[in-house]
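Notes for the one structure printed next.
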Number of protein chains: 2
Amino acid sequence: MSNVAMRRVGLKDVARAAGVSVGTVSHVLNHPERVGTARREAVERAIEELGFVRDESARQLRAGYSSTVGLLLLDAWNPAFAEMARGVEDAAAEAGMTLLMSNSARSLERERAALKVFSEHRVAGAVVVPHDPRSQELHQVRAGGVPVVVLDRTDPRDGVVSVGVNDVLGGRLAAEHLLELGHRRLAFVGDPSLAVPVQDRFEGVRAAAAEAGVELVELDCPLSVEGGRTAGRTLAQMPVAERPTAVACAVDVVAVGLLQELPRHGVDVPGQVSVLGYDDIPLAAQLAVPLSTVARPHYAMGTAAFELLRAVVRGETPAEPHQVFAPTLVARASSAPLGATAGGE
Amino acid sequence: MSNVAMRRVGLKDVARAAGVSVGTVSHVLNHPERVGTARREAVERAIEELGFVRDESARQLRAGYSSTVGLLLLDAWNPAFAEMARGVEDAAAEAGMTLLMSNSARSLERERAALKVFSEHRVAGAVVVPHDPRSQELHQVRAGGVPVVVLDRTDPRDGVVSVGVNDVLGGRLAAEHLLELGHRRLAFVGDPSLAVPVQDRFEGVRAAAAEAGVELVELDCPLSVEGGRTAGRTLAQMPVAERPTAVACAVDVVAVGLLQELPRHGVDVPGQVSVLGYDDIPLAAQLAVPLSTVARPHYAMGTAAFELLRAVVRGETPAEPHQVFAPTLVARASSAPLGATAGGE
DNA sequence: TTGAGGTCTTGAATCGTTTCAAGCCGATGT
DNA sequence: ACATCGGCTTGAAACGATTCAAGACCTCAA
């Protein structure tokens, strides 16, 4: 009790205290129904008194399975990913499994390290938002026997199970919304080369614009508030006659930057420029000018990914290995018909 | 290679392939310098070819120590906590340790479960944002041999090591700022009974108000945007003569709710009511009316907690077991001198 | 009374590593 | 040529649980 350097209590100690064998104690822990009431209670009392805590390493080593699952995110602190993580987390908690969460912070090295940790810990499976869904590491993990569900990225080719969003459709929704409002000079702000989903959104926007025979400028910037700000300055400095009257952003955070910088340079939103985000992060509705955006069901994607993983872990091959959610348009105040306050000079 | 049900490769297989004993392979993994060059390379080649991955459970069981640390948050998706988590995470990554992250979601049951997982995994230590710093569970974990650093909560009494913020001072800063602006009817919005730090803030505000001989109303609401909204409605409906001209919020998110609801009911911010937040979440600066607030160094708190934990794990007793950061006032647009646009009916 | 058929218990083997003491081997010093 | 020494290797004993086959005990029916 008082001795600091006291050895940890193990099954053996409990067994001795309760006057039974170690096998019995183990059974109380794992198959209580197989043990007689009297002894079971004696064992439970001993566990309580000695403060015994089962050693998970030993358990796992012998039993050969674990109820820990890995979750690897790209950007844990990005609100959209945080929401997905919450979905995975809640689903895991409900299933009584523990989550080993990691964050690659968009660094390949950290991604590699995290995947290695997952396999070393022999996790039952992992939900991964990878840099590149066909990366070598990812496949090594799968070859190493760890089932993987890819989140927010799709690759129909190989046997990977995945949960994603039809971002091409999302891009199209965004563009069509702006076109319906009468806009004829559009811009896409973001950097398609940064990630496949962003590329898809761009693709959708581009296709819709092309079909409508409308001009589209691409303005590259980092996917951050800061990036949005610089893009905003660029936009503000364009001659009004050439300036797009509506922009679709790759992600909401970029739109936030735009919304900060445009008014500061005398460009009214949505009077002179309509701004559309992508993701529908919680903050979007709470901005000075509530942001029109394309919503993705992040939380549901998280729970779906976990459920899919559970199935794969159980050895089932899901009927629908590539679950694709549909995005929806949420019109708020940052987008308006062309010419509402127009020209505005 | 192709056989799905192939047994995992272990040390033994590597040893056989490389023509050495298992002891040697283990040495290559843990003390490469003790092994001759020729064999070391043979072993490394075999590891590579067979795709061997060390089993962490077995390693930990035998070696008796782990390089995993636990992190238990109250509210992972609250921006302030997310920022702390980022600090802990980066520090851990830098130290080459892995993080077992959990989220109690303000549920005692989940907190208990997470702590149990930590002890079962025999983590080297844990950083915990507890519900109640003197809770039974927390002490059981410590008694079980897991060193704990308490984050964002302080209890000078027992031997717990902790990192916190002087929130009494923070509350005082908030109140004094509002007093300096000439306000004489203050309100505190939030619920001091919900958490110790909130209680401290309230204490600070109350003390400063009392010293100035100024009236202070306490308005309780949940610590969420929604809570802030309801509080905003209550406030808006008060007769102007009685209504506080300045409110200090328990946390930024409540202020966000206020900022949404007050203007909607014709109450101008900061014209008729000044609003002060607490935390300085990233969003604070980006609101329609940039939020004046009391900033806390969340990221630094996270890294500090981890460093403290490392020391404790090494067996050192930190010279300064209770690290207390100082909050600072950040004046933005949501607070203004009394009567700037005043009366304003 | 005995045998069959349960239900509970138990002891021992086992999981894949680390680590320690002991062995081997070639080189060095005398 | 012998003793000694130091660097590499090795085999075997843990680590703390789970599990399985086998034993103990009890009850009930014949």
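Every chain is numbered from 1, with letters handed out A, B, ... down the list of sequences.
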* Within the modelled atom types, does a donor on one side and an acceptor on the other bring the side chain of B:R62 and the base of D:dA14 under 3.5 Å apart? -> yes
* Whole-Å distance separating the CG atom of A:D13 from the P atom of D:dA17 -> 9 Å
* Asked: Quick one: is D:dT19 close enough that its OP1 or OP2 comes under 4.0 Å of any side-chain N or O from A:H31?
  -> yes
* Asked: Considering only C:dT10, D:dT10, C:dT17, which nucleotide approaches the side chain of B:D55 most closely?
  -> C:dT17
* Asked: For D:dT18, does OP1 or OP2 lie under 4.0 Å from any side-chain N or O of A:R54?
  -> yes
* **Earlier contact from the 5' end, DNA chain D, for A:V22 and B:G23** => B:G23
* If we only count heavy atoms from C-beta on, is the A:T98 to B:L100 side-chain gap below 4.5 Å? -> no
* Asked: From C:dT17, D:dG16, C:dT18, pick the nucleotide closest to the side chain of B:L61?
  -> D:dG16
* Could you tell me the separation between the CD atom of B:E56 and the C1' atom of C:dG16, rounded to a whole number of Å? => 12 Å
* Asked: Atom CG of A:N30 and atom P of C:dT9: how far apart are they, to the nearest Å?
  -> 16 Å
* N or O in side chain of B:T24 less than 4.0 angstrom from D:dT10 OP1/OP2 -> yes
* In whole Å, what is the span from the CZ atom of A:F52 to the P atom of D:dG16? -> 11 Å
* Separation of D:dT19 P from A:Q60 CD (nearest whole Å) -> 13 Å
* Base, sugar-phosphate, or nothing for A:G36, non-hydrogen atoms under 4.0 angstrom? -> sugar-phosphate
* So, is B:R39 close to the D:dC8 phosphate, meaning a side-chain N or O under 4.0 Å from OP1 or OP2? -> no
* Asked: Would one find a side-chain N or O of A:S26 under 4.0 angstrom from OP1 or OP2 of D:dA17?
  -> no
* **Over-ring placement of A:R86 relative to A:F81, 6.0 Å and 45° cut-offs** => no
* Structure fact -> B:L29 atom CG is separated from C:dG16 atom P, nearest whole Å, by 15 Å
* Distance in angstrom units between A:R59 CZ and C:dG16 P, rounded -> 14 Å
* Kindly compute the distance separating CG (B:D55) from OG (A:S57), expressed to the nearest 0.5 Å. => 9.0 Å
* Side-chain contact, heavy-atom cut-off 4.5 Å: A:V150 with A:V163? -> no
* Spacing of A:R16 atom CZ relative to D:dG16 atom P, expressed in whole Å -> 12 Å
* **Flag side-chain contact, heavy atom, 4.5 Å: B:V129 against B:L72** => no
* For B:G10, which contact category applies under a 4.0 Å heavy-atom criterion: base, sugar-phosphate, or nothing? -> sugar-phosphate
* Is any side-chain heavy atom of A:V53 less than 4.5 Å from a side-chain heavy atom of B:R122? -> yes
* Please state whether the phosphate of D:dT18, meaning OP1 or OP2, lies under 4.0 angstrom from any side-chain nitrogen or oxygen of A:R34. => no
* To do: Consider the side chain of A:L11, meaning its heavy atoms from C-beta on, and name the nucleotide among D:dT18, D:dG16, C:dT9 that approaches it most closely.
  => D:dT18
